[in-house]
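Working notes, structure below.
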Amino acid sequence: MTYREAIRAGLREALRSDPRVFLMGEDVGRYGGAYACSRGLLEEFGPERVRDTPLSESTFVGAGIGAALGGMRPIVEVMTVNFSLLALDQVVNNAATLRHMSGGQFSIPLAVRMATGGGRQLAAQHSHSLEGWYAHIPGIKVLTPATVADAKGMLLAALQDPDPVFIFEHAMLYPMEGELDEDAGAADISQARVRRQGNDVTLITFGGSLPKTLEAAEQLASLEIEAEVVDARVLRPLDISTFLTSVAKTHRVVIVDEAWRTGSFAAEISAQIMEQGFDHLDAPVARICAAEVPMPYAKHLEEAALPQVGIIVKTVQGL
Amino acid sequence: MTYREAIRAGLREALRSDPRVFLMGEDVGRYGGAYACSRGLLEEFGPERVRDTPLSESTFVGAGIGAALGGMRPIVEVMTVNFSLLALDQVVNNAATLRHMSGGQFSIPLAVRMATGGGRQLAAQHSHSLEGWYAHIPGIKVLTPATVADAKGMLLAALQDPDPVFIFEHAMLYPMEGELDEDAGAADISQARVRRQGNDVTLITFGGSLPKTLEAAEQLASLEIEAEVVDARVLRPLDISTFLTSVAKTHRVVIVDEAWRTGSFAAEISAQIMEQGFDHLDAPVARICAAEVPMPYAKHLEEAALPQVGIIVKTVQGL
Amino acid sequence: MSSRSLDLQGVSTTFTLTGEFEMQNIDINTIAQSDLQAVKQNHALTLLHEMLRIRRFEEKAAELYSLGMIRGFLHLYIGEEAVAVGAMQAFGQQDRIVATYREHGHALARGVPIRSLMAEMYGKANGCSRGRGGSMHLFDAGRRFYGGYAIVGGGLPIAVGLALADKLQSRPYVTACFFGDGAVAEGEFHESLNLAALWKLPVLFLCENNLYAMGTALARHQSQTDIAMKAQGYGFQGEAVDGMDVLAVEKATRRVADWVRQGKGPYLLEFRTYRFRAHSMYDPELYRTKEEVERWKERCPIATFQTWLRQQQLLADTTLAQIEAAVDHEIEDAIVFAEAGPSEPVEDLLRDVYTQEG
Amino acid sequence: MSSRSLDLQGVSTTFTLTGEFEMQNIDINTIAQSDLQAVKQNHALTLLHEMLRIRRFEEKAAELYSLGMIRGFLHLYIGEEAVAVGAMQAFGQQDRIVATYREHGHALARGVPIRSLMAEMYGKANGCSRGRGGSMHLFDAGRRFYGGYAIVGGGLPIAVGLALADKLQSRPYVTACFFGDGAVAEGEFHESLNLAALWKLPVLFLCENNLYAMGTALARHQSQTDIAMKAQGYGFQGEAVDGMDVLAVEKATRRVADWVRQGKGPYLLEFRTYRFRAHSMYDPELYRTKEEVERWKERCPIATFQTWLRQQQLLADTTLAQIEAAVDHEIEDAIVFAEAGPSEPVEDLLRDVYTQEG
Ligand SMILES: Cc1ncc(C[n+]2csc(CCOP(=O)(O)OP(=O)(O)O)c2C)c(N)n1
Ligand SMILES: Cc1ncc(C[n+]2csc(CCOP(=O)(O)OP(=O)(O)O)c2C)c(N)n1
Ligand SMILES: [Mg+2]
Ligand SMILES: [Mg+2]
């Protein structure tokens with residue numbers, strides 16, 4: 001089963017099991033979703049529960065918040081993180097604040113999904129990795145499924161959560177094949193997960209960079225460096241303890257994050273590891289991030305701009 | 001002269017000296033600016049050059065970009081950073097990218113000013129500190145004037161810059177008194193600045209937290225701890241070398257940043273200091289940031305949520 | 001003014017009288033014809049009472065602001081009371097209200113307890129938002145009062161979503177969404193009206209056109225100043241109503257609220273009104289003349305309504321004095337309540353960021 | 001179709017014939033009456049040539065995409081050629097053009113060299129955006145072609161700003177802003193029309209209504225589907241034009257461009273057209289029927305124009321063959337140019353993020 005199919009299975013399960021759940025977003029219905037995640041759902045659940053919206057990100061995200069306030073369990077698909085900038089006011093100023101500024105009177109059980117990331121030569125306006133921005137906002141939760149199991153499990157978990165949850169699906173992962181237990185339910189969304197054991201160095205990553213990092217770890221293994229690969233999974237609230245446990249063992253850390261380096265979420269992870277694991281560190285925590293450039297279209301330039309297996313291997317070797 | 005008056009002086013000088021300069025934004029004209037920065041300018045320069053806009057942040061910021069492309073030198077005032085979320089698409093996807101994605105054919109000499117920060121009991125939707133987000137974006141520059149001299153000098157520097165420059169004026173600073181040389185021109189916008197010398201610890205901060213940090217340094221001095229206070233001033237491009245010079249001397253760092261801790265710009269500064277100054281550090285870099293909560297209205301809660309002098313002093317003592 | 005009438009005809013079978021502390025539903029069909037005049041008078045006096053309550057509450061709030069007891073931003077509704085009070089008559093307990101940062105009037109007219117409101121503005125834990133929200137963020141889940149939005153235009157998508165929830169759950173409720181003329185320029189106005197109309201959602205868009213967005217006059221922020229007419233661009237109806245006439249507001253709102261409740265889609269009302277005070281407590285009001293303000297004050301919704309009530313023999317001096325006394329007493333009581341209210345412990349700073357589970 | 005005419009009357013004193021590689025300005029007053037028929041024929045053939053050029057360029061681009069030579073998103077304009085070609089006739093060299101991500105047609109019709117366009121899509125350093133932009137981000141400063149916006153609606157505020165710059169500098173230029181029907185739902189459409197009208201800016205809003213925003217039909221994203229009419233909500237004029245008729249497009253655009261140029265404020269044209277191909281190369285087109293597409297193809301702007309030209313004795317078979325040959329040759333040449341083009345060195349990855357000074 002692919003990552004895309006896992007999302008579709010999650011959507012279907014959610015729509016089947018809870019009448020309060022509905023899906024809305026641009027082209028989720030007749031088109032089947034820009035990334036085909038919702039193909040077939042309109043036919044199964046009808047246009048009331050699988051709703052195509054006009055191009056108006058701010059309003060349909062806001063409407064998702066309102067519908068959640070009104071007793072529904074909306075799943076809002078913002079086609080990509082790039083367009084979510086248009087809805088950021090609703091996220092920061094309403095989704096994240098309404099509970100607090102009403103003194104706890106309201107919960108907003110809203111799940112928002114969006115594709116993120118670069119790698120498909122879509123250039124400067126269509127290649128952002130802004131999940132780190134979202135992770136800055138108290139009041140929401142931020143998930144970055146990097147496996148087929150998490151693609152479904154995190155969606156179901158988001159729907160069980162009483163608060164707004166933002167799910168970032170890396171666009172390069174949709175065709176990825178992986179295992180999925182037929183009746184796997186909601187995933188745990190409180191913890192990071194060690195995806196590969198190792199004693200020599202800790203590689204921390206999330207989302208679209210996980211496959212690259214695992215591949216780098218394989219290459220490192222052939223160089224007799226055993227890397228432990230930790231998938232952060234949940235950027236807010238961040239599970240720092242899993243990182244620290246690994247660092248206490250390996251004493252070296254490299255963080256891989258597809259966002260621009262300056263102000264990346266990798267910086268946050270780096271800072272926290274220093275703050276809490278300073279004495280375990282034998283070397284400064286290293287970051288591998290995107291080059292600080294609006295994403296160029298040309299293939300070789302985009303490849304050079306993004307974290308790649310080679311640079312991960314080289315960075316670890318140079319620690 | 002106050003910080004507010006310095007901004008006004010800068011605006012006036014810019015409007016007088018360059019016919020391509022004009023100011024636009026909500027209530028910059030007849031109202032005189034929400035923070036009174038532009039009071040009197042409509043009378044002096046007329047409604048063509050001091051333009052009240054409708055409430056439509058995305059469009060008037062975008063129009064600023066367009067006007068810059070068309071040969072003008074616009075100054076756009078977005079009343080506060082809180083409302084700038086509505087314009088973030090124009091910032092990220094147009095202002096920051098147009099030069100690059102046109103292969104260098106266009107420059108966008110645009111200056112955008114906005115008030116930022118908390119401290120006035122304006123609660124969850126009106127107290128954001130998001131300059132760290134802006135500093136994540138390659139293609140723009142990000143300034144945080146913390147002194148009366150920088151309030152004017154940075155504006156003039158922004159207008160000489162061929163690229164989009166975002167200026168964050170902390171709302172608590174407007175009434176602050178300070179020195180300003182009558183004919184002070186554009187400020188340097190490439191470097192951080194040491195605002196107080198000291199050998200025992202480096203306190204790095206910017207914007208509205210500078211006065212608090214300087215006050216903390218005074219209190220520390222009476223405790224026989226000499227703190228060096230570095231004002232980052234420019235968040236992008238970041239002048240890390242000034243920080244490192246100080247750290248090499250003091251071996252201890254505390255960063256004060258009014259943003260929420262997770263994903264704060266303080267994390268970036270912390271990570272870079274570790275990356276480049278690891279061997280100089282005697283203790284992990286510490287951060288003092290806002291509590292991770294939508295800003296509460298009640299005075300005592302807001303005070304508890306924001307960095308304060310007391311906690312800076314205590315943190316340094318505990319290093 | 002004298003052409004106004006208190007018309008209960010054509011109103012749905014129940015209508016709501018909003019009292020100070022509670023809301024009562026009276027079934028109009030059970031009222032004997034002979035009692036109707038009393039009901040009418042009672043209702044009219046309630047409207048007056050409600051408006052006075054808002055007026056005095058805010059006058060006091062302004063005083064308390066000068067004293068530093070209330071802080072942050074404070075946006076007074078003085079001059080616009082007829083809008084909130086008149087409109088709110090049209091909504092039942094299950095209907096939903098979305099307002100702006102200038103929402104003391106809406107909260108009071110909706111029945112949010114004055115004590116909890118005052119305590120909120122004092123930043124106390126017994127405030128309607130536990131002191132977390134302040135003047136701009138009043139909430140009351142029990143009264144379906146959904147705030148309190150300080151980003152101009154930001155409440156409209158929320159209202160659309162609330163209405164969508166009702167439609168999806170086949171509930172006959174209306175979501176009333178108040179916003180200012182300034183919000184009309186924002187993209188979310190456009191997007192929200194389109195979505196509400198496209199999906200035939202039960203939202204009532206209620207524009208409080210007080211002719212200014214902060215210091216920017218309507219004609220300086222709208223290329224086309226007829227706001228009611230804008231609904232046509234989305235294929236539905238809008239109309240302008242005299243927002244200084246509480247009865248006109250009530251009548252129009254009742255009528256179109258019923259229309260919306262019947263599932264016919266959204267409706268836009270533009271209330272033409274005026275703010276007598278500054279935009280906020282910081283505003284030096286450089287953008288309008290004293291004369292203009294004075295001219296509008298002659299149309300004060302409270303004074304003119306009182307005059308009319310007197311003309312109709314519906315208001316005796318003693319009654320007015322009683323109402324004023326009741327209002328004063330209520331406000332004093334609210335202040336006592338607020339002053340005595342506990343402050344949220346600082347240790348609880350982080351509460352209510354996420355929902356506490358289990 | 002036969003009711004169309006090539007009308008040069010009422011056009012400003014200069015009009016523009018867009019050639020393949022350059023733009024010529026001809027002063028109509030200097031043309032002898034006897035030469036006018038030749039000019040007309042020449043112009044008509046230019047229109048045909050331009051449309052064919054776009055059609056063949058894109059057909060080739062689709063092939064090259066399947067071969068992996070062009071990558072990223074590729075949005076074809078096939079079926080809509082009459083809009084870009086017809087409209088572009090109305091603009092002089094100093095006018096400014098803002099387009100969308102479906103802008104090959106606009107770039108070509110504007111005179112952006114086909115070589116630099118093809119090279120751009122190959123991601124080469126000799127591309128019109130140095131290979132940084134790709135299909136969705138074509139730019140050409142010399143031809144005042146300002147891109148190339150892939151965030152729907154994102155180009156409108158830019159166009160408003162360009163027009164503001166011209167107005168502030170008292171220049172008689174028009175900014176032409178192309179966008180799709182989908183963009184009409186975005187808040188920026190509303191905000192931009194309001195601002196342009198409020199400030200009487202010389203912007204010509206050109207909506208390419210191809211009845212779909214990706215897979216969402218017009219009636220599913222607009223509560224009121226008459227787009228031209230929406231200008232009224234902002235106090236200016238709009239009108240709908242048959243976007244499959246290149247002459248109708250040219251005529252209407254010339255007329256209103258003059259109007260805008262005279263400082264009378266913005267204007268909205270809605271071109272009713274249709275996209276024959278999928279939204280992008282990924283689109284399985286589940287949302288519309290083959291029959292619908294076939295029906296629209298009968299109105300192909302190129303085929304119908306050819307028929308009409310033949311009826312008017314303006315197009316000989318040999319001429320058409322010559323044009324087709326010239327187009328083929330030009331495209332082959334562009335491919336050679338693109339394939340031979342240098343790649344930007346990876347060391348230059350960070351160039352053009354900021355302006356190099358000094
Ligand atoms: C998006 C946004 N931009 C700017 C502001 C600052 N601001 C607060 S109120 C206001 C004017 C709003 O006018 P209107 O909608 O007419 O409401 P009124 O204050 O007249 O009731 C402005 C500009 C804001 N709160 N939100
Ligand atoms: C703000 C935004 N939301 C979503 C998208 C994804 N998207 C790209 S094109 C498109 C449809 C646009 O339709 P329309 O404006 O009619 O232009 P057309 O493609 O028909 O030419 C969508 C939804 C986008 N690019 N930008
Ligand atoms: Mg107003
Ligand atoms: Mg379209």
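Per chain, numbering begins at 1; letters A, B, ... match sequence-line order.
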How far apart are the closest heavy atoms of [X] and [Y], and which atoms are they?
X        : Y        : result
D:Val160 : B:Ala63  : CG1-CB, 4.2 Å
B:Asp89  : D:Glu188 : OD2-OE2, 4.1 Å
D:Phe145 : B:Phe106 : O-CZ, 4.2 Å
B:Asp52  : D:Trp199 : O-CZ2, 3.5 Å

Options [options], ranked by heavy-atom pairs under 4.5 Å with chain B, top entry:
options                                : result
D:Arg96, D:His137, D:Arg132            : D:Arg132
D:Leu195, D:Ile158, D:Asn194           : D:Ile158
D:Asp166, D:Leu138, D:Ile151, D:Thr355 : D:Thr355
D:Ser129, D:Ala165, D:Cys128           : D:Ser129
D:Ala125, D:Gly153, D:Pro157           : D:Pro157

Exercise for the section: Answer yes or no: is there a side-chain heavy-atom contact under 4.5 Å between D:Tyr146 and B:Leu98? Expected result: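 No, every pair of side-chain atoms sits at 4.5 Å or beyond.
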
- Quick one: are D:Leu198 and B:Pro54 in side-chain contact, heavy atoms under 4.5 Å? yes

Using non-hydrogen atoms and a 4.5 Å limit, figure out which bit of [X] sits close to chain D: side chain, backbone, both or neither.
X        : result
B:Thr53  : both
B:Ile108 : neither
B:Gln90  : side chain
B:Leu110 : neither

- prompt: Given that the side chain runs from C-beta out, which part of D:Phe189 has a heavy atom under 4.5 Å from chain B: side chain, backbone, both or neither?
  reply: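 For D:Phe189, no heavy atom lies under 4.5 Å from chain B.
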
When the 4.5 angstrom heavy-atom criterion is applied to D:Tyr149 and chain B, the contacting part is side chain

As an exercise: rank [options] by heavy-atom pairs under 4.5 Å with chain D and give me the winner.
options                              : answer
B:Glu57, B:Arg49, B:Arg51, B:Met72   : B:Arg51
B:Pro138, B:Gly62, B:Pro164, B:Gly71 : B:Gly62
B:Asn93, B:Val61, B:Leu55, B:Leu86   : B:Asn93
B:Ala67, B:Pro19, B:Gly104, B:Gly66  : B:Gly66

Value for NZ (D:Lys167) from CD (B:Glu48), rounded to nearest 0.5 Å, stands at 6.0 Å

Quick one: does B:His100's side chain have a donor or acceptor within less than 3.5 Å of a partner on D:Tyr354's backbone?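 Not a single qualifying donor-acceptor pair exists.
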
| Passes side-chain hydrogen bond (donor to acceptor under 3.5 Å, both in side chains), B:Ser56 versus D:Glu191? Steps please. | CA-CA 6 Å; B:Ser56 45; D:Glu191 296 182 359; 4.5 Å; no

